[in-house]
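Below is one structure, written out as C-alpha cells, with a few remarks after it.
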Amino acid sequence: MSQFSQVILKPGKDQSLLRFHPWVFSGAIKQIDGSVIEGDVVEVFDCHKNFLGIGHYQIGSIAVRILSFQRVVPDIQFWIGKLSKALALRQALGFVNNPQTNAYRLVHGEGDGLPGLIIDFYAGTAVVQMHSVGMYLSRDLIYEALQAVMGNNLEAIYEKSEGTLPYKANVNPENGYIKGKSATHVALENGLKFNVDWEKGQKTGFFVDQRDNRAMVEHYAKGRNVLNMFCYTGGFSFYAMRGGANMVHSVDSSERAIELTKANVELNYPGDSRHEAFAEDAFRYMERSKNRYDLIILDPPAFAKHQNVLANALQGYRRLNAKAFEQIAPGGILFTFSCSQVVTKENFRTTVFSAAAKAGRQVRVINQLTQPADHPINIYHPEGEYLKGLVLFVE
Ligand code: SAH
C-alpha cells in the first residue's frame with residue numbers, strides 16, 4: 001500500500017491528464033481512498049486503477065495540481081531535480097551571472113512543472129510565493145533544494161505567501177526572511193537600476209514580466225511625449241527616458257507606487273526634469289489631462305480574475321483603450337496590455353480594435369507582445385499564457 005492517499009477519477013476523466021494537463025478538477029473525482037487533508041501529496045489513478053500522476057491536493061475547483069506524471073516520491077532529490085531544470089533554462093537564456101540583468105523569474109508555476117510556486121530572483125535574493133497549500137507545506141524541502149541548486153549565488157530567501165493562499169486553509173503564512181538578509185534591494189534590468197520592495201510591494205515586488213516590452217518602449221521613445229499609465233514602480237518610464245523621450249509622465253492611483261517610481265527615476269536619471277509623476281485614477285487623469293501624448297503605455301491590473309466577470313472586464317478594457325485612442329496624437333504609438341489569464345488573445349484584440357473603431361481612429365498593429373522567456377508556457381497548459389500586448393500605430 002502506498003504512503004499516499006489515492007484519488008480515483010471518474011470514467012473518461014483521465015483524458016486531460018493523459019495529455020499532461022496538470023490540473024484535476026473536483027468534479028472529475030470518483031472517490032478518494034485514504035484520509036486526505038488539504039495540502040497532502042496524493043496519487044491520481046483512472047477508474048481502472050492505472051497510475052496517472054502525483055500532486056498536491058486542495059479543497060476547491062482545482063482539486064489536484066500535478067507535480068509529476070511519474071510515480072515518484074517528492075523528496076529532496078525530486079525538488080533539486082525540478083529546481084535544477086528551472087535554473088538550467090534561465091542559464092540557457094543568459095540570466096545567470098549577467099552583469100546587465102540580475103532580476104528574473106526562476107520558477108513560473110505550471111510553466112516549470114511546479115503548479116502553485118513562483119520564485120523571482122533579485123540580485124541575490126529569492127522571493128518565494130506559494131499559491132497552493134501543498135507548495136506551502138513543502139516549503140522546507142523547497143528552500144533546502146533552492147540553496148543546493150543556487151549555491152553561492154543565493155544570499156537570502158524571502159517568503160511572501162500572506163494573501164496568496166486560501167484563507168480557509170488556515171495555514172497562516174507570515175512573510176519574512178527564511179535565510180540571510182538581503183544586502184541590497186537594488187536590482188538591474190538591462191543595465192537600468194530599480195529598487196524592489198518585496199516586503200511591502202505588490203506581487204514579489206517588481207513586474208519582471210514586462211522586461212522585453214519595456215525594452216521595446218525604449219526603442220520607440222526617441223523624441224516622444226510619453227504617458228506611462230499604471231506605472232507601479234515606473235519600469236516603462238526609465239526605459240523611455242533612456243530611449244531619448246522628450247517628456248515622460250507616470251501615473252498610478254497608488255501614492256506608494258508614485259513614490260517608488262520617483263525613487264527609481266532618481267536612481268537612473270537624478271534631477272532629470274523630463275519626468276513627472278502623478279498619483280491619480282487613470283480615467284480621471286485622462287479626462288483632465290490637456291497633454292498630447294504620442295506614446296502611451298496602458299498596463300492595467302488584471303480586470304478579470306475569474307471567468308464570471310469576463311464581460312465586465314472586457315468592458316473595462318474597451319473604455320480604457322477608447323480613452324487612449326481619443327487622446328493620442330496623430331502618429332502616436334500605443335502599447336496596450338492585459339495580464340488577465342481569463343481574457344484570451346482574441347478577446348483582447350477584438351476589444352481593443354472595437355475601442356479604436358469607436359474613437360474613429362485609423363490604427364495598425366505594429367507588434368504583438370507577450371511574456372518573456374523566463375515566464376515559459378507549458379504547451380499542455382495553454383492557460384499559462386497570460387500576458388498579452390499590442391503595439392499600435394495610430395494615425
Ligand atoms: N506597468 C507596471 C505594472 C502595473 S501593475 C510595471 O511595469 O511594473 C498595475 C498598477 O495599476 C498598480 O500599480 C496599481 O496601483 C495601478 N492601478 C490600479 N487601479 C488603478 C486606477 N484606477 N488608476 C490608476 N492606476 C491604477
Side-chain angles (χ1 to χ4, degrees), residues 101 103-105 120 122 127 163 185 187-190 192-198 200-218 221 226-243 248-265 267-268 275-289 293 295-305 309 312-313 315-324 327 334-341 343 369-372 374-375 386-391:
T101 299
Y104 60 88
R105 180 153 290 191
D120 284 340
Y122 298 112
V127 181
H185 276 244
L188 284 174
E189 188 181 275
N190 293 319
L192 289 162
K193 290 182 222 146
F194 58 93
N195 228 302
V196 195
D197 186 357
W198 44 81
K200 296 203 195 66
Q202 300 176 40
K203 304 275 171 101
T204 65
F206 191 74
F207 287 86
V208 275
D209 58 356
Q210 288 288 22
R211 182 194 309 110
D212 296 352
N213 304 331
R214 292 185 188 118
M216 188 168 279
V217 163
E218 173 176 1
V226 178
L227 172 62
N228 178 10
M229 182 54 81
F230 307 98
C231 64
Y232 185 39
T233 54
F236 284 104
S237 301
F238 42 87
Y239 275 78
M241 293 172 80
R242 188 166 69 179
V248 180
H249 288 169
S250 305
V251 179
D252 198 291
S253 57
S254 147
E255 295 273 358
R256 175 81 188 130
I258 292 303
E259 278 171 34
L260 293 167
T261 293
K262 286 183 177 161
N264 281 335
V265 169
L267 265 179
N268 295 286
H275 183 257
E276 274 184 83
F278 307 91
E280 201 168 337
D281 171 75
F283 284 97
R284 204 165 316 144
Y285 183 85
M286 290 204 283
E287 292 282 341
R288 82 163 171 85
S289 166
Y293 297 104
L295 199 168
I296 298 181
I297 301 130
L298 295 178
D299 183 24
F303 284 167
K305 294 231 161 83
V309 292
N312 285 346
Q315 178 70 15
Y317 286 116
R318 189 172 302 118
R319 277 182 56 216
L320 181 66
N321 282 278
K323 268 258 140 319
Q327 278 239 336
L334 174 65
F335 280 70
T336 183
F337 295 96
S338 163
C339 61
S340 304
Q341 202 165 51
V343 174
L369 307 178
T370 181
Q371 61 217 57
D374 53 338
H375 294 57
Y386 68 99
L387 185 61
K388 301 150 288 281
L390 292 168
V391 189

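Ligands are counted one by one from 1 in listed order, and the atoms in each one are counted from 1 as well.
Contact atoms of ligand 1 toward Gln202: 12 (C), 13 (O), 14 (C), 15 (O) (distance under 4.0 Å to a heavy atom of the residue). Ligand 1 places these atoms under 4.0 Å from at least one heavy atom of Ala282: 21 (C), 23 (N), 24 (C). The Asp281 neighbourhood of ligand 1 comprises atoms 21 (C), 22 (N), 23 (N), with distances under 4.0 Å to a heavy atom of that residue. Each of the atoms 15 (O) of ligand 1 lies under 4.0 Å from some heavy atom of Ser254.
Using modelled atom types and a 3.5 Å distance limit, the side chains of Tyr122 and Thr204 yield a donor-acceptor pair. A donor-acceptor pair shorter than 3.5 Å can be found between the side chains of Ser237 and Ser250.
On a distance-only criterion, Asp252 and ligand 1 share at least one N/O pair closer than 3.5 Å. For the pair Phe230 and ligand 1, the shortest N or O to N or O distance falls below 3.5 Å.
Nearest protein neighbour of atom 8 (O) of ligand 1, counting heavy atoms only, is Arg214 NH2, 3.2 Å. Scanning all protein heavy atoms for the shortest distance to atom 3 (C) of ligand 1 gives Asp299 OD2, 3.4 Å.
Contacts of Tyr285 with ligand 1, taken as heavy-atom pairs under 4.0 Å, are absent altogether.
Arg256 and Glu259 are joined by a salt bridge, as a carboxylate oxygen and a charged side-chain nitrogen come within less than 4.0 angstrom of each other. A salt bridge is absent between Asp120 and Lys203; no separation between the charged side-chain nitrogens and carboxylate oxygens falls under 4.0 Å.
Tyr293 has its ring centre less than 6.0 Å from the ring centre of His249. Phe230 has its ring centre no less than 6.0 Å from the ring centre of Phe207.
Checked against salt bridge (Lys or Arg N to Asp or Glu O under 4.0 Å), Asp212 has no partners two or more places apart in sequence or in another chain.
Under a 3.5 Å cut-off, the side chain of Ser338 and the backbone N or O of Lys388 do not form any donor-acceptor pair.
Using a 4.0 Å cutoff on heavy atoms, Arg284 does not count as a contact of ligand 1.
Taking only non-hydrogen atoms, the option from Ser253, Pro301, Cys231, Ala257 nearest to atom 9 (C) of ligand 1 is Pro301.
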